[in-house]
Amino acid sequence: MEFDAIIIGGGFAGLAAGVALADAGKRVCLLEQKPYLGGRARSFQDPATNSIVDNGQHLFMGCYHSTLHFLKTIGTLERVKFQAKLRVPFLDRDGRLTHLDCPTLPSPWHLFLGVLRSGSFTLKQKLEVLRLGKSLRNGRTTNGPANVENVTEWLTRRGQSEGLQRNFWDLLCIAAMNEDPRAASATLFERVLRLALLSSPEDSRLGIARVGLSECYTAAAAAFIESHGGRVQTGRGVNQLIVAKGACQGVDLGDETMEGVAVISAVPWHQLATLLPGDLLRDEPFFAVGLALRAAPIISINLWFDAPVTDLEFAGLRGTTIQWLFNRTRILGDKGHHVSLVLSGAREHVSRSKEELLAISLRELGEMLPAVRKANLVHSLVIKERFATFSPSPEADALRPTARTPVRGFYLAGDWTATGLPATIEGAVQSGYTAAKEFLNLSQ
Ligand SMILES: Cc1cc2nc3c(=O)[nH]c(=O)nc-3n(C[C@H](O)[C@H](O)[C@H](O)COP(=O)(O)OP(=O)(O)OC[C@H]3O[C@@H](n4cnc5c(N)ncnc54)[C@H](O)[C@@H]3O)c2cc1C
């Protein structure tokens, strides 16, 4: 066999695993079933406007250390622009604009001072945030991995008022975890807050890709793998793993088999079952548990106007159905007065028609931005990602499998595996790195 490992799936996880192995001198063959790489983090050209559209606007964070390492390795780090310090504009439904602007002070003072100076909170709310920040600094406030508390219960127990939850914590929870705070794990949310807000001012910064999401990493990662003796093939789906005597022997592609080689699966949890031979799925609980994870959808609404509607680059929206606004004209230089709106944790909205979602967005945007009422809508595109992420419920942590599996020579990667993070780019890249490390350790 001309390759050391086969990787199934060309999203962030599979490409990160491939780059890590290529960097370690291994020749990998990465197989992606779709005609393009990128999986759930990709971009394409909209034929009506020629604009580059992401399948959903993605934010990076300074605490995405593995992702930054990955982008640096493939030479595209400068395509993501990071803020000098954490600065989040909030737009209220009545059009009031406030900021959370955190100075460059050592953590957690950057956050504490940012909250104290912000017009986004009342004095009482500021004191509530400071109290929670202080108790987080002093140690864990949830009850360990077996904790079944959800985010709302935890915030309420920590003295966070209903208004503060609705206008601040809920927005952060839905953005970071893609789940309603009443259904999201408090343990995971606490971990996210520590990593993102309380470790260092650099880690708290937000980053936005200045190019389409695919251009950020897919071609450069594929070129890296190929320049190290590997191969990346799109439009090449794997039918099934070949397993005999508890060991992985390779993969069946339908028209050919590739044997005598280790395999890393980097496919989402809901697509793994089709890869596994029936007896493995039936007899091995290790694989069965992960299949119980539930999906959480994200809806993106792209609007093109005939005139500018805002100078803001992005904003968190408060008191509205839509949650975030991204000004693609400012971010990418798109000439089409293009804004992209995000509705995460969108389970109760995903069955709405595109026309209905469009009407809600235009009404809410018009209330917040007077320029929207004067401009004409030229074009729109609603993207529903029904399987955007797994739902990070309190029960989900126990369902997430490790990279090493009971089948020799078969490893798992993907944002849904046991990374300790929500389904994010960072979780996906970390999972790819972990699977590559396990493979390297066991193949020495
Ligand atoms: C709309 C949206 C917005 C998001 N926003 C953010 C954000 O702001 N910040 C953030 O950090 N994260 C965000 N995420 C999450 C992030 O996109 C994912 O966590 C990450 O992309 C998952 O990468 P992955 O490689 O694990 O899986 P995927 O990207 O799903 O890759 C898996 C690949 O496997 C392929 N595959 C499946 N079966 C087979 C087979 N049999 N043979 C070959 N190939 C196969 C699939 O086609 C796919 O390309 C968002 C996700 C969505 C959908």
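Note that ligands are numbered from 1 as they come in the structure, with each ligand's atoms numbered from 1 the same way.
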**Item:** N/O separation below 3.5 Å, Ile298 to ligand 1
**Value:** no

**Prompt:** What residue and atom, counting heavy atoms only, is the protein's closest point to atom 23 (O) of ligand 1, and at what distance?
**Reply:** Ala428 CB, 3.6 Å

**Request:** Would you check the N or O atoms of Gly14, main chain and side chain alike, for any that come under 3.5 Å of an N or O of ligand 1?
**Result:** no

**Prompt:** Going by distance only, is there an N or O of Arg40 that falls short of 3.5 Å from an N or O of ligand 1?
**Reply:** yes

**Prompt:** For ligand 1, which atoms, with element, lie under 4.0 Å from some heavy atom of Leu31?
**Reply:** 43 (C), 44 (N)

**Asked** Atoms of ligand 1 less than 4.0 Å from Ala423 heavy atoms?
**Response** 15 (C), 19 (O)

**Complete:** re atom 38 (N) of ligand 1, the protein heavy-atom contact at minimum distance is Val267 CG1, 3.5 Å

**Complete:** When every non-hydrogen atom of Leu188 is compared with those of Gly420, the smallest separation belongs to CD1-O, 3.4 Å

**Message:** Using a 4.0 Å heavy-atom cut-off, which part of Ser344 comes near ligand 1: side chain, backbone, both, or neither?
**Reply:** neither

**Request:** Taking only heavy atoms of Leu275 into account, list the atoms of ligand 1 that are under 4.0 Å away from them.
**Result:** 41 (N)

**Fill in**
Note: Ile331 and Glu313 closest approach over all heavy atoms is CG1-CG, 3.7 Å

**Message:** At less than 4.0 angstrom from any non-hydrogen atom of Gly9, what atoms of ligand 1 do you find?
**Reply:** 33 (C), 34 (O), 35 (C), 44 (N)

**Prompt:** Lys384 pairs by side chain to side chain contact (heavy atoms under 4.5 Å, CB included) with which of Leu357, Ile301, Leu343, Ile298?
**Reply:** Leu357

**Message:** How far is atom 42 (N) of ligand 1 from the closest protein heavy atom, and which atom is that?
**Reply:** Val238 N, 3.0 Å

**Prompt:** N/O to N/O below 3.5 Å, does that happen between Pro268 and ligand 1?
**Reply:** no

**Those atoms of ligand 1 less than 4.0 Å from some heavy atom in Ala41** = 17 (O), 21 (O)

**Request:** Find the distance between NE2 (His338) and CH2 (Trp304) and round it off to the nearest 0.5 Å.
**Result:** 4.0 Å

**Minimum heavy-atom distance between Ser199 and Ser107, given as atom pair plus value** = O-CB, 3.5 Å

**Item:** Nearest heavy atoms of Val407 and Cys248, plus distance in Å
**Value:** CG1-N, 3.5 Å

**Asked** Is Tyr64 in contact with ligand 1, taking contact as a heavy-atom separation below 4.0 Å?
**Response** yes

**Message:** One thing to verify: whether Arg236 and Glu256 come together as a salt bridge, which I'm taking to mean a side-chain N less than 4.0 angstrom from a carboxylate O.
**Reply:** yes

**Complete:** Ranked by distance from atom 32 (C) of ligand 1, the top protein heavy atom is Ala266 O, 3.3 Å

**Request:** Just jot down the ligand 1 atoms closer than 4.0 angstrom to any heavy atom of Gly56, in number order.
**Result:** 1 (C)

**Message:** Closer than 4.0 angstrom, basic N to acidic O: yes or no for Arg330 and Asp311?
**Reply:** no

**Asked** Has ligand 1 got any nitrogen or oxygen that is less than 3.5 angstrom from a nitrogen or oxygen of Asp415?
**Response** yes

**Message:** Geometry only, no angles: is Gly414 polar-contacting ligand 1 at N/O separations under 3.5 Å?
**Reply:** no

**Prompt:** Any donor and acceptor pair, going by atom type alone, linking the side chain of Tyr433 with main-chain N or O of Thr67 inside 3.5 Å?
**Reply:** no

**Message:** Please list, in number order, the atoms of ligand 1 under 4.0 Å from a heavy atom of Lys34.
**Reply:** 47 (O)

**Request:** Work out which heavy atom in Pro181 is nearest to a heavy atom in Cys173; give both atom names and the distance.
**Result:** CA-SG, 3.8 Å

**Message:** I need the nearest protein heavy-atom contact for atom 25 (O) of ligand 1: residue, atom name and distance, please.
**Reply:** Ala13 N, 2.9 Å

**Message:** Which label fits Tyr217 and Phe12: parallel for a plane angle under 30°, tilted from 30 to 60°, or perpendicular past 60°?
**Reply:** parallel

**Request:** Please write down residue, atom name and distance for the protein heavy atom closest to atom 37 (C) of ligand 1.
**Result:** Gln271 OE1, 3.1 Å

**Prompt:** How many angstroms lie between CD1 in Ile7 and CD in Glu32, if you round to the nearest 0.5 Å?
**Reply:** 12.0 Å

**Message:** Between Glu149 and Thr187 (side chain of the first, backbone of the second, donor and acceptor by atom type, cut-off under 3.5 Å), is there such a pair?
**Reply:** no

**Item:** Gly237 near ligand 1 by a heavy-atom separation under 4.0 Å
**Value:** yes

**Request:** Give a yes or no on whether a salt bridge exists between Arg347 and Glu179, defined as a side-chain N under 4.0 angstrom from a carboxylate O.
**Result:** yes

**Message:** Using every non-hydrogen atom in the two residues, find where Pro297 and Asn178 come nearest and quote the distance to one decimal.
**Reply:** O-OD1, 3.4 Å

**Message:** For the 3.5 Å polar cut-off, considering only N or O atoms, please tell me whether Glu32 and ligand 1 meet it.
**Reply:** yes

**Prompt:** Got an N/O contact under 3.5 Å between His58 and ligand 1?
**Reply:** yes

**Message:** Tell me the protein heavy atom at minimum distance from atom 9 (N) of ligand 1, and give that distance in Å.
**Reply:** Leu59 O, 3.0 Å

**Request:** List the closest protein heavy-atom neighbour of atom 53 (C) of ligand 1: residue, atom name, distance to the nearest 0.1 Å.
**Result:** Ala388 CB, 3.5 Å

**Prompt:** With atoms numbered from 1 as shown, which atoms in ligand 1 lie under 4.0 angstrom from a non-hydrogen atom of Gly11?
**Reply:** 25 (O), 29 (O), 31 (O)

**Side chains of Glu284 and Thr405 in contact at under 4.5 Å (non-hydrogen atoms)** = no

**Prompt:** Below 3.5 angstrom, do we get any N/O pair linking Gln33 and ligand 1?
**Reply:** yes

